[in-house]
Amino acid sequence: MTLFLSSSAPGGAQEGDKVDLAALTQIKNEAFQHSQVMENLFYISEVYGPRVNNSRNHRAAAEWAMKRMNEWGLKNVHLEKWGPFGDGWQIKKYYGALESPAYAALIGFPLAWTPGTNGPVTAEAVLAPLHSQEDFAKYKGKLKGKIVLIFDPRELTLHTEAEAKRLTDAEVEERTKTTDPSHMGFFFPMRAGAAPRPGEYTPSTLSTAAPSGRVLRNQVNAFLKEEGVAVALTPGYNGDGGTIFASYGGSQDPKDPVGPPMAAITPEQYNRICRLLEHGITPKLTFDIETEYQKDDEMGFNVVGEIPGTSKSDEVVMVGGHFDSWQGGTGATDNGTGSAVAMEAVRILAAMHKPMGRTVRVALWGGEEEGLYGSLAYVQQHFAPRDTMKKTPEYDKLDVYFNDDSGSGKFRAVSALGNAELAAIFQSWITPIKDLGIDTVVGLTSGPTREPGGTDSTSFSWIGLDGIGFMQDPLEYGSRTHHSNMDLYDRVQKGDVMQGAMIEAWFAYNAATRAEMLPRIETPAPTAK
């Protein structure tokens, strides 16, 4: 006999759903007794490694993901191209060393879309901080053949708090009273210093997807290339103690200027080289860097698969996360976990062999790190272009999209986008699983997202669709793993991602089987003038 649980609401409050406890038991059993989420993550992060968008690693991982989905019985599994992206890029080799006055191996990695050194290069170090274009004249004619430290040394401070953090119940509750987060940074503040001034070149502007950052990168790269710099170095925009946060160095657009080889090294080692120079000692450094540009196919893509619905197969519930990553680590927590969780959620539902009225579709997005390219293109092609808001037939058939892109942490709350009816429904889904650590709904801000940013769920809410994210325990995301060389498999907490996959499967199942589609936020007006 199927058991149901209904949430009771106080007078005047919205009513939730009745939920299928037998299905919940089945989902829990599959998620916790037969989990494949860490196996998925092993292949995504450890076998295929860093997945800079459109690189050969990214494409190989996508082929593996499609093979896996087909093995689970998903249908319509395919790569869906979303438009020209540009060159793929990945690391083939990195070696860095301080040769004199005393040898030291340099922990680091090359920056994305920068070239290799064409064999070992040994040269003198020069400190030439570039704060803006105004500094170019200061160093013109002085950098040829040098290994150039292009930023000021970073002042480091003692860590007096734990690197990792779980949210207390009181902190979760407090965050339910604040503006609904559209960006990951709401939950994961970095240790980085003050924000750069407009037009200022810093390690953080080097590593941003913002157009202003691209302009600055292009200007600096053109100057460094013209001056004949052998290698350019940065200490990264965050991290210390062996952890380096860095991403961009060049551009995926083949029309943009290509600078010299560029690498990020630990700030302690960067500072050591700076201090030697300040004391009148000229260090010699060696770098041997090999990188690969993938130019065979410059089209970006998403990975898509489905569990077809029964009575309402034209209506769709989606789950997903972005599949691309940066190159410093293996993209385990950003966002191998979100991709592994989404894949595990659909595997759980497929393994249940339980009919669901609506189709459940999984999407592993490309190009998120460079600006949500994959999800933005998908929602505007399938549902509505933002400038006209002219709806396609699919617009009214998309029920909800559930997103995971906040690291390895346990799901602690779910966003309801400020919709009271949706919040009541989600609360009824949460009630029987509070023992797993998720016990509340967050989100006081209502209506569409003003602009997309931070993660792929905002691409949906930007056009008035329910793009839903989960609040997660921050763990080490902002302090150790986000866009760093420590974004590795061992930083992932197995129990947390198992919990996340179980909850995502449960939410998708409830959405796919309820009588009516979920209530939706308002449709925004077109942006075209």
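One-based numbering along the sequence shown.
Residues Tyr373 and Glu368 have side chains not in contact (no heavy-atom distance under 4.5 Å, counting atoms from C-beta outward). Counting heavy atoms from C-beta on, the side chains of Gln472 and Asp405 never come closer than 4.5 Å. Looking at Leu465 and Tyr395, their side chains come closer than 4.5 Å, going by heavy atoms from C-beta outward. Counting only heavy atoms from C-beta outward, the side chains of Glu298 and Pro254 approach each other to under 4.5 Å. Residues Tyr293 and Val258 form a side-chain contact, since some pair of their non-hydrogen atoms from C-beta on lies under 4.5 Å apart. Here the side chains of Trp462 and Gln380 are in contact, with some heavy-atom distance below 4.5 Å. Residues Val319 and Tyr401 are not in side-chain contact: their nearest non-hydrogen atoms beyond the backbone lie 4.5 Å or more apart. Between Ile107 and Ile265 there is no side-chain heavy-atom pair separated by less than 4.5 Å.
Asn118 CG: 12 or fewer foreign heavy atoms inside a 6.0 Å radius.
Between the side chains of Thr455 and Ser457, no donor N or O sits under 3.5 Å from an acceptor N or O. At a cut-off of 3.5 Å, with distance as the only test, a side-chain donor of Asp334 or His483 sits close to an acceptor on the other residue. The closest side-chain donor-acceptor pair between Asn57 and Gln90 falls under 3.5 angstrom.
Between the Asn221 side chain and the Gly249 main chain, a donor and an acceptor come within less than 3.5 Å of each other. Formation of a donor-acceptor pair under 3.5 Å by the Thr449 side chain with backbone atoms of Glu451 is not found in this model. Between the side chain of Arg491 and the backbone N or O of Ser408, no donor-acceptor pair lies under 3.5 Å.
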Problem set entry | Chi angles and distances behind the side-chain contact (heavy atoms from CB on, under 4.5 Å) call for Ile27, Met502 | CA-CA 7 Å; Ile27 289 171; Met502 181 266 134; 4.0 Å; yes

For this session: Would you sort out whether Glu39 and Arg68 count as a side-chain contact (heavy atoms from CB on, under 4.5 Å), showing the intermediate values?
Result: CA-CA 11 Å; Glu39 186 75 356; Arg68 200 77 154 177; 3.2 Å; yes

For this session: Mind running side-chain contact (heavy atoms from CB on, under 4.5 Å) on Thr359 and Val317 for me, showing each step along the way?
Result: CA-CA 6 Å; Thr359 294; Val317 171; over 6 Å; no

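The aromatic rings of Phe85 and Trp113 are tilted relative to each other, their planes meeting at an angle between 30° and 60°. Ring geometry for Tyr48 against Tyr43 counts as tilted: the plane angle lies between 30° and 60°, on a 0 to 90° scale. Between Phe323 and His58, the ring planes lie tilted relative to each other; the angle falls in the 30° to 60° range. Taking the six-membered ring where the residue is Trp, Trp365 and Tyr378 present perpendicular rings, their angle passing 60° and hence far from 30°.
Legend: residues meeting side chain to side chain contact (heavy atoms under 4.5 Å, CB included) with Lys75, ordered by chain and number and at least two apart, are Pro308. Scored by the side chain to side chain contact (heavy atoms under 4.5 Å, CB included) test, Asp297 finds Arg59, Lys81, Gln294, Met299 as partners (sequence neighbours excluded). With sequence neighbours excluded, the residues satisfying side chain to side chain contact (heavy atoms under 4.5 Å, CB included) with Tyr489 are Met38, Leu41, Phe42, Ser45, Glu46. Partners of Leu518 by side chain to side chain contact (heavy atoms under 4.5 Å, CB included), not counting sequence neighbours, listed by chain and number: Asp399, Val400, Leu422, Ile425, Phe426, Trp429, Asp466, Ala511, Arg514. Residues forming a side-chain hydrogen bond (donor to acceptor under 3.5 Å, both in side chains) with Glu394 (at least two apart in sequence, or on another chain): His382.
A cation-pi arrangement is absent between Arg51 and Phe301, since the terminal nitrogen or guanidinium carbon is not both under 6.0 Å from the aromatic centre and inside a 45° cone about the axis.
Between Asp473 and Lys410 there is no salt bridge, since none of the side-chain N atoms of the basic residue sits less than 4.0 Å from a carboxylate O of the acidic one. Of the charged side-chain nitrogens involved, at least one lies within less than 4.0 Å of a carboxylate oxygen, so that Arg358 and Glu315 count as a salt-bridged pair. Between Asp296 and Arg56 there is a salt bridge, since at least one side-chain N of the basic residue sits less than 4.0 Å from a carboxylate O of the acidic one.
Counting only residues at least two apart or in different chains, salt bridge (Lys or Arg N to Asp or Glu O under 4.0 Å) contacts with residues 204-218 comprise Arg214-Asp253, Arg214-Asp256.
Taking all atoms of both residues into account, the shortest heavy-atom contact from Thr117 to Asp288 is OG1-CA, 3.6 Å.
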